[in-house]
Amino acid sequence: MTQRQPEETAEESDELSRRFETDTIHAGQEPDEETGAIMPPIYATSTYVQDGPGEDRGYEYSRTGNPTRTALEDNLAALEGGEHGRAFASGMAAINTVLNLLESGDHVIAGDDVYGGTHRLFRQVYEDYDLSFSFVDTTNHDAVQEAICPETELLWVETPTNPLMRVNDIATLSEIAHDHDALCAVDNTFATPYLQRPLEHGADIVSHSLTKYLGGHSDVVGGALVTDNEELDEQFGFYQNSVGATLDPFACFLILRGTKTLSVRMDRHCENAQTLANRLADHPDVDTVYYPGLESHPAHGLATEQMDKFGGMVSFELAASIDETADFVSETDVFALAESLGGVESLIEQPATMTHASIPRQERLEAGLTDGLVRISVGIEHIEDLWDDIEQAIDAAVA
Ligand SMILES: *Cc1c(COP(=O)(O)O)cnc(C)c1O
């Protein structure tokens, strides 16, 4: 495991620089001064008493600020190695806040395989506000360059992408954006800051669906933005307060509970995913395995540089028809048939009939989303139970 925050970085700060695993548990969270409570309390309050008119003690109203939310926001900022964090009601609310920075006439470039909800927000909401979008293969830097126009203000990047686990080069894409005075935002939901910290590679904004690995237990919906840029953070705060899609203190508490175990969960997610990817690659009924940790992955080298490990998401192509594949995902027992990802429990889905069913078949096939494609979110169960489950389901479903 690479060390992310070597002691040398302590020189500028009075505090001893701490490593990631310690920050997951302590950053942003001081024991309560009055009671010693080691966990930040859930501040279930809408308003705060003032000592005199305009003399608040740091909080006025909970849409604007709440101490439980502050603890989470500081925690997330520390994990991404950023200065400022903001928590929102969902990942989509966080992404929406980035779009709030733009004005009508502006142009955005995004990956052609971005999260479906992101694609929908861009095309079905913001095109009506006279923003324009180009969806391109962001692994092809010439295509990104060609898509840039004078109105381009934002480059939206995911890595690894869904469901084919393409790996995008954050440093190069940030440079391309900056050469044209545009911002580069990275949706870091799949990797989490334990594996990849986009700000270190030059990105301006990191966005998260906290619903996934950061929450980690499939029991809460939330989102976040992190940046080093104070001006951007002020704008995020303005829109957070003006739009009002803030994360409530109960949800903040649950996410803080999740981030404490992020590193140990991710270690197991990654270990299980790597083992399954290796074994699937050797299985006679499996054609292709998409996992950045496999040497056969076209961007394995880049992934090795950019990420500390390769994540818990694996996709693979069964040598099977659309019906056989639908049977396969229904036959698993430990893997639950469900969309979403990032929880401790393993999930399985068939993009052709589930997450990507709305794409016309020909277009879907051209995008590499074949009938036999299966996506798994590998949980932290015992690896042999996961493998037994996949083997028995292939035997039951594939002729
Ligand atoms: C789930 C997800 C989102 C949206 O987050 P919500 O919390 O569901 O609103 C955005 N990006 C990625 C990559 C996701 O997986």
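One-based numbering, in listed order, for ligands and for the atoms of each. Below, all heavy atoms of this structure are taken into account, side chains as well, without hydrogens, waters or symmetry copies. A quick note: this is a predicted structure, and the numbers were derived from the prediction, not measured.
When Tyr115, Phe190, Tyr213 are checked for heavy-atom proximity to atom 3 (C) of ligand 1, Tyr115 turns out nearest.
Scanning all protein heavy atoms for the shortest distance to atom 15 (O) of ligand 1 gives Lys212 NZ, 2.7 Å. From the protein, the heavy atom lying nearest to atom 6 (P) of ligand 1 is Gly91 N, 3.4 Å. With respect to atom 7 (O) of ligand 1, the closest heavy atom belonging to the protein is Thr211 OG1, 2.6 Å.
Residues His26 and Arg18 form a side-chain contact, since some pair of their non-hydrogen atoms from C-beta on lies under 4.5 Å apart. Side chains of Asp169 and His141 form a contact here, defined as non-hydrogen atoms less than 4.5 Å apart. Side-chain atoms of Asn162 and Leu341, non-hydrogen and from C-beta on, never get closer than 4.5 Å to each other.
Within ligand 1, the atoms closer than 4.0 Å to a non-hydrogen atom of Asp187 are 10 (C), 11 (N), 12 (C), 13 (C), numbered from 1 in the order shown.
Contact between Gly222 and ligand 1 is present, with at least one heavy atom of the residue lying under 4.0 Å from the ligand.
By the 4.0 Å N-to-carboxylate-O rule, Arg279 lies close enough to Glu384 to be salt-bridged with it.
Checking only distances, Ser209 does come within under 3.5 Å of ligand 1, N or O to N or O.
In terms of hydrophobic clustering, with Ile, Leu, Val, Met, Phe, Trp and Tyr side chains grouped at heavy-atom distances under 4.5 Å, Val374 and Leu164 are assigned to different clusters.
Separation of the His300 and Phe310 ring centroids falls under the 6.0 Å cut-off.
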